[in-house]
Amino acid sequence: MSMDMKYFEEMEAKIPHGKVRTRFAPSPTGYMHVGNLRTALYTWLIARANNGTFILRIEDTDQGRYVDGAVDVIYRTMAQCGLTHDEGPDVGGPVAPYIQSERRDTYGKYARLLVEKGGAYYCFCEKTESEEDSGDFNRAADPCRDLSAEEVQEKLSAGMPYVIRQKIPTEGTTTFHDAIFGDITVENSTLDDQVLLKRDGLPTYNFANVIDDHLMGITHVVRGSEYLSSAPKYNLLYESFGWEVPTYVHCSPVMRDSQNKMSKRHGDPSYEDLIAQGYLTEAVLNYVALLGWSPKGEQAEQEIFSLDELVKAFDMTGISKSPAIFDRVKLDHFNAVYLRNLPADAFHKVAEPYIRQSVKGDFDTAAIAALLQARCERLTDIPEKVDFFDALPAYDVECFTNKKSKTNSEVSLAMLQAAVPALEALSDWTVDGIHDTLIDLAAKLEVKNATLMWPVRIAAAGKLVTPGGAVEICHILGKGETIRRLKAGMTMLGA
Ligand code: GLU
């Protein structure tokens with residue numbers, strides 16, 4: 001069964017060397033969960049911080065999990081987040097193809113090479129329960145492990161279906177190093193002869209990732225810590241092939257609470273869900289970066305990082321071993337800071353579609369946005385906050401009573417009775433014009449500004465809590481509508 005080594009030599013010759021090369025290797029599940037996004041971000045940051053190359057590889061060997069349009073979700077998310085890849089299915093590269101299902105022949109060839117090298121064997125036994133997870137497979141009892149080359153050839157020639165299994169040493173230990181978790185040693189007797197190549201000729205994830213990481217010249221393998229327990233088996237594969245083991249960077253999970261990982265099944269949000277819930281991409285990325293990584297030195301206390309700042313600050317030794325808990329309140333805080341820090345016109349642009357969900361009338365949305373900018377945590381808060389512009393809500397007359405502003409129904413009525421003619425007389429319907437009119441009126445009436453502003457704002461908005469005060473709201477409503485609403489308030493108050 002001697003093999004033609006030319007193919008392998010050519011594959012080796014294609015492998016780029018000399019630079020940091022990282023890969024994000026999602027399976028197309030149609031859903032980019034927060035943990036995945038964080039892995040993508042850390043992987044991208046390690047490449048960018050080291051002037052390296054960032055590769056996107058699609059791991060679609062588990063055809064049962066295939067979801068239509070799922071690859072688009074990955075492209076879209078990466079592009080929106082600015083996590084641009086240098087090599088990948090859509091942009092190509094020196095070690096294409098970058099989709100595992102298109103690399104099928106390669107895995108078969110390498111699996112057979114591994115058999116030659118003594119690191120794997122053909123197994124003709126009945127299909128095990130799950131080939132992806134051969135945990136129950138009883139290696140000691142597998143008659144195929146020690147078949148002679150002739151016996152194997154005979155069965156192959158007879159067309160018997162087979163899988164290729166990893167031949168794990170029965171004795172000794174395997175030690176691997178992880179950049180976050182340090183050295184980990186396991187007894188080889190605890191490792192199973194996992195399936196590498198399935199009956200359908202497709203590789204398992206456990207085989208494909210090693211072949212691809214090697215052939216793509218990956219220097220740092222960043223992934224979830226759920227793969228830690230498989231790492232010794234990967235090491236043994238690298239050793240059997242005589243390949244250099246990459247740096248492993250296993251990241252602890254993102255949890256929904258102290259007990260449970262975030263999961264789609266439990267309704268935890270994906271990246272796209274978070275955007276639909278009114279979060280800004282930049283805020284999500286910033287928050288996710290700090291879920292399991294902390295800056296050091298002068299930046300140890302810094303919370304707000306742009307992507308460029310993260311590239312400069314990121315150091316994988318700051319990645320934590322402990323699981324991180326996804327905290328909505330914290331994310332809301334980050335989002336509010338990002339919304340507040342946007343230039344006014346940029347905020348208007350992102351806020352406008354939300355304003356328009358409830359404000360259909362001909363109002364100045366830039367002026368409405370200006371009221372909202374410092375007052376919202378999520379964009380989805382907006383429609384409910386500004387719904388009163390289109391239609392005066394039905395409100396309770398009790399709203400006019402406010403201790404701090406020293407108002408009650410009687411006082412409010414008096415204030416509105418004075419405010420209406422003063423505002424009617426105002427020809428310059430600007431924020432300054434309205435402001436000065438009302439301030440002068442309060443002085444003339446010898447009341448606190450709030451005693452006048454409170455009833456004007458309540459009558460204008462019909463709501464206790466509003467973004468912006470009486471002046472801004474009246475300005476946006478326009479003169480005619482303001483007067484109409486103030487008069488309606490007077491009627492409510494018994495005028
Ligand atoms: N396809 C694997 C996943 O989506 C990637 C694991 C890895 O990065 O090696 O979980």
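Order of appearance sets the numbers: ligands from 1, and atoms from 1 within every ligand. One-based numbering along the sequence shown. All heavy atoms count here, side chains included; hydrogens, waters and symmetry mates do not.
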### Message
Check contact between E226 and ligand 1, using heavy atoms of the residue and a distance below 4.0 angstrom.
### Response
no
### Task
Report yes if R223 has an N/O atom closer than 3.5 Å to an N/O atom of ligand 1; otherwise report no.
yes
### More than 12 heavy atoms of other groups within 6.0 Å of K360 NZ
yes
### Task
Tell me, yes or no, whether the heavy-atom count around K330 atom NZ, taken from other residues, nucleotides or ligands under 6.0 Å, exceeds 12.
no
### Query
Would you say N209 and ligand 1 have an N/O pair spaced under 3.5 Å apart?
no
### Query
Among L285, L274, N335, which residue meets the side-chain contact (heavy atoms from CB on, under 4.5 Å) test with L280?
N335
### Message
Going by the closest heavy atom to atom 7 (C) of ligand 1, which one wins out of Y227, F24, Y205?
### Response
Y205
### Task
Please determine if K109 forms a cation-pi arrangement with Y7, meaning its NZ or CZ atom is less than 6.0 Å from the six-membered ring centre and no more than 45° off the ring axis.
yes
### Query
Short N/O distance, under 3.5 Å, between E59 and ligand 1?
yes
### Query
Do any nitrogen or oxygen atoms of A25 lie less than 3.5 angstrom from nitrogen or oxygen atoms of ligand 1?
yes
### Query
For Y279 and D332, what are the C-alpha separation, side-chain angles and deciding distance, and is it a side-chain contact (heavy atoms from CB on, under 4.5 Å)?
CA-CA 8 Å; Y279 296 100; D332 284 353; 2.6 Å; yes
